Amino acid sequence: MAVSLSPRARRDSSSATAPATQPPALLPDFCSLPMALGVVLYGELLAILLTLASSSPLAGFWVRLGPLSLLVLGIVMLGASLLCMLRRPLRRLPVLAALTTALAVIVASAVAVAWLCTILVPWAEGAGLFPDDGVRGLLIRAGLISAIVGALMLRYLYLHQQWRSQVEAVANARFETLQARIRPHFLFNSMNTIASLTQTDPRLAEEVVEDLADLFRASLANEGDRTTLAEELDLSRRYLNIEAQRLGERMQVVWDVEDLPGDALVPPLILQPLVENAVNHGIQPSSEPGSIHIVGRYRRGTVTLSIRNTLPRSADTMRRHRGNGMALQNVSQRMEAMFPGAARVTRALVDGDYLVRLVFPYPWRQS
């Protein structure tokens, strides 16, 4: 149900703070279904590669591929399962110790599965499916191949993590810049509004002062890299409540967010900059009344949040509209840093209105 903007409700002073920051994970979440499917796929590709690289005639390709696929898939699934169970202990280890432990798990899985194959499939050696040097040769080959492939995989994951850390560092640096700047004209306009309200409505002036204080407190806070969606929505309501006192009937705000999970975790200050853009580039420059629609939906494990605002009906609309880029880029980078590959931030012009849409998963387990 859509509701019009109203003065915000007071938050309890004992509300929970944002979750503590966790160290980044070196390895991906092997417990997730996409990662499990990827492990199976790459394991089968490795089995095909090993079969093609053997000295056997191509006529026996399918005969050798079947047992080899079972062997390789058994190794990768056992290794992935062990890494899944050890993901929390590995996160507490130094980088070198974690990599060494993960590689040892992969090699041990390969040797164990190869040894089990010699016991469970005793006819394979007589059928020529094992190397000519017998069981001992099979175990040595399995250990060496898994060590080489595992080392390459871990090296790739380490470099990927370094790249991701750099992306997060850039995004956090821009976020700190965003935190440090509350636009001076917004502060001055707010103070002028408060000064005017003290003469006409002292109670409302007190409310605006509290909203402004909460907005600055959230902007300057540095208590973690995550907050809840409910807190983000509340902060945006406070900001719009302040602007509503200044713009009056020139700005109409419609909220339709009752369907959203309030405990969903998001980066801090992810919504307020977009709402601020809607006011500064859509409502304020216009000589006619404008509107802002904030709509949220939660369907099939995905949260969709959109901010739609009217634009000035003038020839220089696009020129005025270019200022949205910095905040939108910052939001996109921080959403990608928190939900790698699973979040989208898009913008579009819809019937002359400007629309920004945020899409991210919930619940989300950070790997």
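Computed from a predicted model, the values in this text were never measured in an experiment.
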Does Leu71 form a side-chain contact (heavy atoms from CB on, under 4.5 Å) with Val113? I'd like the steps, not just the answer. CA-CA 7 Å; Leu71 174 63; Val113 171; 3.8 Å; yes

Show, in sequence, the C-alpha distance, side-chain angles and deciding distance for Val254 and Ile292, and conclude whether the side-chain contact (heavy atoms from CB on, under 4.5 Å) test is met. CA-CA 6 Å; Val254 177; Ile292 299 175; over 6 Å; no

How long is the gap from CD1 on Ile106 to CD1 on Ile145, to the nearest 0.5 Å? 14.0 Å

Between Asp353 and Arg308, is there a salt bridge with N-O shorter than 4.0 Å? yes

Is the CZ atom of Arg297 crowded by more than 12 outside heavy atoms at less than 6.0 Å? yes

Could you pull out the closest heavy-atom pair between Ala98 and Leu90, with the gap in Å? CB-O, 3.7 Å

Does some side-chain heavy atom of Val279 sit less than 4.5 Å from a side-chain heavy atom of Glu276? no

Can you measure from CZ (Arg250) to OG (Ser291) and round to the nearest 0.5 angstrom? 13.5 Å

For the residue pair Val356 and Leu328, establish whether any side-chain heavy-atom pair is separated by less than 4.5 Å. yes

Hydrophobic cluster membership, Leu86 vs Ile75, 4.5 Å side-chain cutoff: yes

From the list Val40, Ile48, Leu41, side chain to side chain contact (heavy atoms under 4.5 Å, CB included) partner of Glu44 resolves to Ile48

Side-chain heavy atoms nearer than 4.5 Å, only ILVMFWY residues, links allowed to pass through others: does that put Val76 and Met153 together? yes

How many angstroms lie between CG in Leu240 and CD in Gln272, if you round to the nearest 0.5 Å? 8.5 Å

Residue pair Arg203 / Glu207, side-chain heavy-atom distance below 4.5 Å: no

Closest heavy-atom pair and its distance - Val111, Leu139: O-CD2, 3.7 Å

Just say parallel, tilted or perpendicular for the rings of Tyr298 and Tyr362, cut-offs at 30° and 60°. perpendicular

Show, in sequence, the C-alpha distance, side-chain angles and deciding distance for Leu99 and Arg155, and conclude whether the side-chain contact (heavy atoms from CB on, under 4.5 Å) test is met. CA-CA 9 Å; Leu99 289 174; Arg155 175 62 176 173; over 6 Å; no

Measuring from atom OG1 of Thr100 to atom CG of Leu154, what distance do you get when rounded to the nearest 0.5 angstrom? 9.0 Å

What heavy-atom pair brings Met335 and Pro267 nearest, and what distance separates the two atoms? SD-CD, 3.8 Å

Of the non-hydrogen atoms in Pro273 and Ile270, which two are nearest, and what is the gap between them? CD-C, 4.1 Å

Verdict with supporting geometry, Leu82 and Met85, side-chain contact (heavy atoms from CB on, under 4.5 Å): CA-CA 5 Å; Leu82 293 176; Met85 292 186 292; 3.5 Å; yes

Taking C-beta and beyond as the side chain, do Leu305 and Val257 meet within less than 4.5 Å on heavy atoms? yes

Determine, stepwise, if the pair Glu232 / Thr227 fulfils side-chain hydrogen bond (donor to acceptor under 3.5 Å, both in side chains). CA-CA 7 Å; Glu232 282 296 295; Thr227 186; 4.8 Å; no

Would a single hydrophobic cluster contain both Leu78 and Leu46, if residues Ile, Leu, Val, Met, Phe, Trp and Tyr are joined by side-chain heavy-atom contacts under 4.5 Å? yes

Got Val105 and Ser109 here, is their nearest side-chain heavy-atom distance under 4.5 Å? yes

For the side chain of Glu336 and the backbone of Gly341, is there at least one donor-acceptor N/O pair under 3.5 Å apart? yes

Donor-acceptor pair, distance only, cut-off 3.5 Å: does the side chain of Arg334 make one with the backbone of Val331? no

Rounded to the nearest 0.5 angstrom, the CG-CG distance for Leu271 and Leu235 is 8.5 Å

Smallest separation among heavy atoms of Ile283 and Leu247, with atom names: CG2-CD1, 4.0 Å

ILVMFWY network linking Leu358 to Leu355, side-chain heavy atoms under 4.5 angstrom: no

Heavy atoms, side chains only, cut-off 4.5 Å: are Cys31 and Arg87 in contact? yes

Determine whether Val149 and Tyr156 fall in the same hydrophobic cluster, where Ile, Leu, Val, Met, Phe, Trp and Tyr are linked whenever their side-chain heavy atoms lie under 4.5 Å apart. yes

Euclidean distance, Leu229 CG relative to Leu265 CG, rounded to 0.5 Å: 9.5 Å

Which heavy-atom pair separates Ala342 from Pro361 by the least distance, and what is that distance? O-CD, 3.4 Å

Has Arg357 got more than 12 heavy atoms of other residues, nucleotides or ligands less than 6.0 Å from its CZ? no

Is any side-chain heavy atom of Phe360 less than 4.5 Å from a side-chain heavy atom of Thr302? no

